[in-house]
Amino acid sequence: MKKILPALGLAIALALTGCGGNLDSGDSGTAAAAYPERAVTLLIGQDAGGSTDLIGRALAEPASTDLKQPITVQNRPGANGAVAAKELAAAKPDGYTIMVFVGSLAYITPLAVPADQAVDVNNYEVVTGISQDDFVLIAHPQTGFKTVKDIVDAKRPVKFATTGVGTGSQLTQTLLFAQAGVDATAVPFNGGAPALTAVLGGQVDVAAVQLGEAKKQIEAGKATPIVTFATQRPSYMPDIPTATEAGYNVPVQQSRAIVAPKGTPKEIVDRLRAAFQKSFETQAYKDFNTDRLLTANEVDGAALLEQWNGSLTTYKDLVAQQKIDLSGK
């Protein structure tokens, strides 16, 4: 079965076309020694109030205390973060503009756009990994779906909500239904909240959303969890089987990192990493992770790139195996 999903469209093309290189860092040694002398801008490529935005804001305050300069959060939503990534790529590599970069932009969106429009995380300096989200497939209780087998045995077309094109929500379900032989149609929404609402309102049969977004509705009995797409059962929801346990190869997670423009001096990258490590150590941030069902992934840049480049290869191979066309052409 071949599923054709819509392309990201003109927004990402405009965002990435003509993206120039970074400016010369000049006397980087002197600048690094004095850094920071003013406020730092933290770009968020998603809407205010979403998971990525909340994570960025939770990290900014304690890190700014350590830096002794404000970290100002600015939202630049569009094209799964590509709009913000384009702005960051053009910024001076002096540590005063950084970004919360979502993993799906690095290892899922490139599967949906032409190569010259894809964002390559290797063209940035990774300051630190942040955390990982697991996706859970949920259904409205009235569907009667409790397992993937129930969906297969229903032998009817299924509508599934996604959190947008080029996202983990889209990829998880497309891969799952392709492998299961289910006639499924994607209904894209702009984020997890509207996708969840679509399930609760019966507009769609199922949706893959992040665990933290679905937790309350699952506990209230308003949404039925079917599988997670983690490699092993998340400690937060140990009673929910994985897609792997159900017999399907769909190891998809969302991940996030702090990145800076390419060419940012190592001393500044290290200083930023130290500041965000202070954030990671605070009890308030640890409690935030627990409340949002986030798994810490506070690795250094080299480890983060190894993870994300590996995910891109894995997902590219899975898409090819299932003959899934994400470009919409």
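Taking the side chain as every heavy atom from C-beta outward, T109 and V119 never approach each other to under 4.5 Å. With a 4.5 Å cut-off on side-chain heavy atoms, M237 and L293 count as touching. Counting only heavy atoms from C-beta outward, the side chains of N289 and T295 never approach each other to under 4.5 Å. Using a 4.5 Å heavy-atom cutoff, the side chains of V165 and Q170 are in contact. Using a 4.5 Å heavy-atom threshold, the side chains of V250 and Q179 count as touching. Here the side chains of F276 and P62 are not in contact, with every heavy-atom distance at 4.5 Å or above. At least one side-chain heavy atom of V158 sits under 4.5 Å from a side-chain heavy atom of I151. In this structure, Q254 and Q132 have side chains that are not in contact, with every pair of non-hydrogen atoms separated by 4.5 Å or more.
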(request) Before giving the answer on side-chain contact (heavy atoms from CB on, under 4.5 Å), spell out for R256 and S51 the whole-Å C-alpha distance, their side-chain angles and the decisive distance to 0.1 Å. (result) CA-CA 10 Å; R256 296 175 180 84; S51 295; 3.6 Å; yes

(message) Working note: I138 + F145, criterion side-chain contact (heavy atoms from CB on, under 4.5 Å); need CA distance, chi angles, decisive distance, verdict.
(response) CA-CA 9 Å; I138 57 171; F145 297 156; over 6 Å; no

(message) Show, in sequence, the C-alpha distance, side-chain angles and deciding distance for Q173 and T162, and conclude whether the side-chain contact (heavy atoms from CB on, under 4.5 Å) test is met.
(response) CA-CA 8 Å; Q173 295 175 97; T162 78; 4.0 Å; yes

(request) Just do the salt bridge (charged side-chain N to carboxylate O under 4.0 Å, His left out) check on E245 and R233 with the steps written out, would you? (result) CA-CA 9 Å; E245 290 177 75; R233 294 193 185 197; 2.9 Å; yes

(message) side-chain contact (heavy atoms from CB on, under 4.5 Å) for Y248 and F229? Distances and angles first, verdict last.
(response) CA-CA 10 Å; Y248 303 98; F229 297 96; over 6 Å; no

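Contacts of T97 classified as side-chain contact (heavy atoms from CB on, under 4.5 Å), with partners at least two apart in sequence or in another chain: L43, L88, A91. Evaluation of the side chain to side chain donor-acceptor pair (under 3.5 Å) rule for T313 yields no partner, not counting sequence neighbours.
Linking ILVMFWY residues whenever their side-chain heavy atoms come closer than 4.5 Å, directly or via other members, leaves Y236 and I130 in distinct clusters. When the side chains of ILVMFWY residues are joined at heavy-atom separations under 4.5 Å, either directly or via intervening members, V100 and Y96 end up in a single hydrophobic cluster. Cluster annotation: F177 and F135 are assigned to the same hydrophobic cluster (Ile/Leu/Val/Met/Phe/Trp/Tyr, side-chain heavy-atom contacts under 4.5 Å, transitive). Cluster membership for V206 and V204, using ILVMFWY side-chain heavy atoms within less than 4.5 angstrom, is not shared. Connection of I98 to I55 is established within a shared hydrophobic cluster, with ILVMFWY side chains joined at heavy-atom distances below 4.5 Å, either directly or through further cluster members.
Between the side chain of S131 and the backbone N or O of A296 there is no donor-acceptor pair closer than 3.5 Å. Side chain of T128 to backbone of D300: no donor-acceptor contact under 3.5 angstrom is found. The main-chain N or O of A63 is found under 3.5 Å from a side-chain atom of S279 such that the two form a donor-acceptor pair.
Within a 6.0 Å sphere centred on CD of Q277, other residues, nucleotides and ligands contribute more than 12 heavy atoms. Counting heavy atoms of neighbouring residues, nucleotides and ligands inside a 6.0 Å radius, atom CD of Q283 exceeds 12 of them. Summarising the local packing, CD of E61 is surrounded by 12 or fewer heavy atoms from other residues, nucleotides or ligands at distances under 6.0 Å.
The pair K215-D291 fails the salt-bridge criterion, with no side-chain N (NZ, NE, NH1 or NH2) lying under 4.0 Å from an Asp/Glu carboxylate O. Using a 4.0 Å cut-off between charged nitrogen and carboxylate oxygen, K149 and D153 count as a salt-bridge pair.
Side chains of N75 and D47: no donor on one and acceptor on the other come within 3.5 Å. A donor and an acceptor atom, one from each side chain of D53 and Q46, are nowhere located under 3.5 Å apart. N80 and S104 form a side-chain donor-acceptor contact under 3.5 Å, judged by distance and modelled atom types alone. One side chain, Q307 or N297, offers a donor N or O that lies under 3.5 Å from an acceptor on the other.
The distance from the CG atom of L59 to the CG atom of L42 is 8.0 Å, given to the nearest 0.5 Å. Note that CD1 of I258 is 9.5 Å distant from CE of M99, once rounded to the nearest 0.5 Å. Here the CD1-CG distance, from I324 to L171, works out to 7.0 Å after rounding to the nearest 0.5 Å. From L294, atom CG reaches atom CG of L54 across 10.0 Å, with rounding to the nearest 0.5 Å. Atoms CD1 and OG, on I108 and S311 in that order, are 8.5 Å from each other to the nearest 0.5 Å. The line from CZ of R76 to NZ of K86 is 11.0 Å long, rounded to the nearest 0.5 Å.
Of all non-hydrogen atoms in T228 and P234, the two that sit nearest each other are OG1-CD, 3.7 Å. Nearest approach of I71 to S64, heavy atoms of both residues: N-CB, 3.6 Å. Between I240 and P225, the shortest heavy-atom contact is CD1-CB, 3.5 Å. When all heavy atoms of V299 and A303 are compared, the pair lying nearest together is CB-CB, 3.8 Å. Nearest approach of G263 to P93, heavy atoms of both residues: C-CB, 3.7 Å. Nearest heavy atoms, D205 versus P157: OD2-O, 4.2 Å.
If you run side-chain contact (heavy atoms from CB on, under 4.5 Å) between V227 and each of T244, T172, V148, only V148 comes through.
Relative orientation of the W308 and F101 rings is tilted, given thresholds of 30° and 60° on the angle between their planes.
The side-chain tip of R271 does not point at the ring of Y35 from less than 6.0 angstrom away and within 45° of straight on.
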